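All values derive from a computational prediction rather than experimental measurement. When a residue number appears, it is its place in the shown sequence, counting from 1.
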Amino acid sequence: MTDTPWPLRTERLEIRPATAEDLGAIWEYRRLPEVNRWLGPAPATREAFDDLYLDPERLATTLLITRPEDGAVIGDIMLKIGDAWAQREVIEQAKGTEAELGWTLAPEHTGQGYATEAVRGVIDVCFGALGLRRVHAGCFADNEPSWRMMERLGMRREEHSRKTALHRSGEWMDGMNYGLLAEEWPASR
């Protein structure tokens, strides 16, 4: 990801790698119950949050979504580049060929198309500058705004699993996974 020219500019947004100095702004919306109910980790304190996000691997996969006019942080995107599954004889060809995406937006900025615009821009980078072959993302099935956005972006539902994810509420929930191939991207725009 370091070879990618950041910041990425979309019509209304700027997307750039997060730094340790950005953690306070990220914490402000990620600590909210209506936001962290859908997130994997939801540290209860700022100190625990910083411990998690200051991990170099975690910080390196976090991109900020900001408004260029005032620099306000309105959300973040996880871009985790990884290896595809491969048989042993061709394993080297599968290294670093796909990405997992995840996103979070501050509640006051939802419903305005910002997440769709930002994720679309990151997918452009994945299939353009990064030369990846596939992106994928997952969510709880009850997180309808998330899976609807994936469908708007042209991602294909690859799995709807029944009660496979234990939510911190104690409820077993359905999960959904979506994927998109590079050769599908131009057609889905």
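- W103 CH2 to M78 CE: the interatomic distance, rounded to the nearest 0.5 Å, is 9.0 Å.
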Using the rule given for side-chain contact (heavy atoms from CB on, under 4.5 Å), can you reason through R12 versus R67, listing the C-alpha separation, both sets of side-chain angles and the distance that settles it, and then say yes or no?
CA-CA 7 Å; R12 301 176 294 164; R67 290 188 313 220; over 6 Å; no
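- Between A20 and L59, the shortest heavy-atom contact is N-CD2, 3.9 Å.
- Of all the heavy atoms in Q112 and H109, the pair that sits closest is NE2-CA, 3.4 Å.
- Residue pairs meeting the side chain to side chain donor-acceptor pair (under 3.5 Å) criterion with at least one partner in residues 33-45, sequence neighbours excluded, do not occur; the list is empty.
- Using a distance-only test at 3.5 Å, with no hydrogens or angles considered, no donor-acceptor pair links the side chain of T97 to the main chain of Q93.
- Considering only heavy atoms from C-beta on, M155 stays 4.5 Å or farther from W147 through its side chain.
- At distances below 3.5 Å, at least one donor-acceptor pair connects side-chain atoms of T66 with backbone N or O atoms of E14.
- For the atom pair I15 CD1 and L79 CG, the distance stands at 10.5 Å (nearest 0.5 Å).
- Side chain of E100 to main chain of G82: no donor-acceptor pair is present (N/O by atom type, distance under 3.5 Å, no hydrogens or angles).
- Within a 6.0 Å sphere centred on CD of E69, other residues, nucleotides and ligands contribute more than 12 heavy atoms.
- The side chain to side chain donor-acceptor pair (under 3.5 Å) analysis of residues 79-89, with sequence neighbours excluded, yields no pairs.
- Judged purely by atom type and a 3.5 angstrom limit, D22 uses its side chain to pair as donor or acceptor with the backbone of T19.
- Remark: E117 CD to E11 CD distance equals 5.5 Å, nearest 0.5 Å.
- Annotation: the span from E47 atom CD to L54 atom CG amounts to 11.0 Å, rounded to 0.5 Å.
- Y29 places a side-chain heavy atom less than 4.5 Å from the side chain of V73.
- Annotation: side chain of S146 is not in contact with side chain of F140 (no heavy-atom distance under 4.5 Å).
- Residue R16 qualifies as enclosed at atom CZ: its count of foreign heavy atoms under 6.0 Å is above 12.
- Closest approach of G138 to N177, counting heavy atoms only: CA-OD1, 3.4 Å.
- The cluster map of Ile, Leu, Val, Met, Phe, Trp and Tyr, joined by side-chain heavy atoms under 4.5 Å apart, puts L63 and V35 in different clusters.
- L13 and W6 fall within the same hydrophobic cluster, defined by Ile, Leu, Val, Met, Phe, Trp and Tyr side-chain heavy atoms under 4.5 Å apart, directly or through other members.
- Using a 4.5 Å cut-off on side-chain heavy atoms (C-beta onward), L32 and P107 make contact.
- At a threshold of 4.5 Å between non-hydrogen side-chain atoms, the residues R120 and W185 count as touching.
- With contacts defined as side-chain heavy-atom distances shorter than 4.5 Å, the pair L180/F127 qualifies.
- Annotation: side chain of D124 is not in contact with side chain of T10 (no heavy-atom distance under 4.5 Å).
- Across all non-hydrogen atoms, the minimal contact from Y53 to T62 is CE2-OG1, 3.9 Å.
- Note that the CD1 atom of I65 and the CD1 atom of I74 stand 6.0 Å from one another [nearest 0.5 Å].
- If you chain together hydrophobic residues whose side chains sit under 4.5 Å apart, L130 and L181 never meet in one group.
- Both L105 and L8 sit in one connected hydrophobic cluster of ILVMFWY residues. Membership requires side-chain heavy atoms under 4.5 Å apart, directly or through other members.
- Rounded to the nearest 0.5 angstrom, R46 CZ and L23 CG are separated by 6.0 Å.
- The closest side-chain heavy-atom distance from Y178 to V135 is not below 4.5 Å.
- The two residues F49 and I26 have their closest heavy-atom pair at CZ-CG2, 3.5 Å.
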side-chain contact (heavy atoms from CB on, under 4.5 Å) between T61 and E57, worked out:
CA-CA 7 Å; T61 64; E57 288 183 33; 5.9 Å; no
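- Among residue pairs with one or both ends in residues 159-179, none qualify as salt bridge (Lys or Arg N to Asp or Glu O under 4.0 Å); sequence neighbours excluded.
- In the hydrophobic clustering of ILVMFWY residues, with side-chain heavy atoms under 4.5 Å counting as a link, L64 and I77 come out apart.
- Across all non-hydrogen atoms, the minimal contact from A137 to M150 is CB-SD, 3.7 Å.
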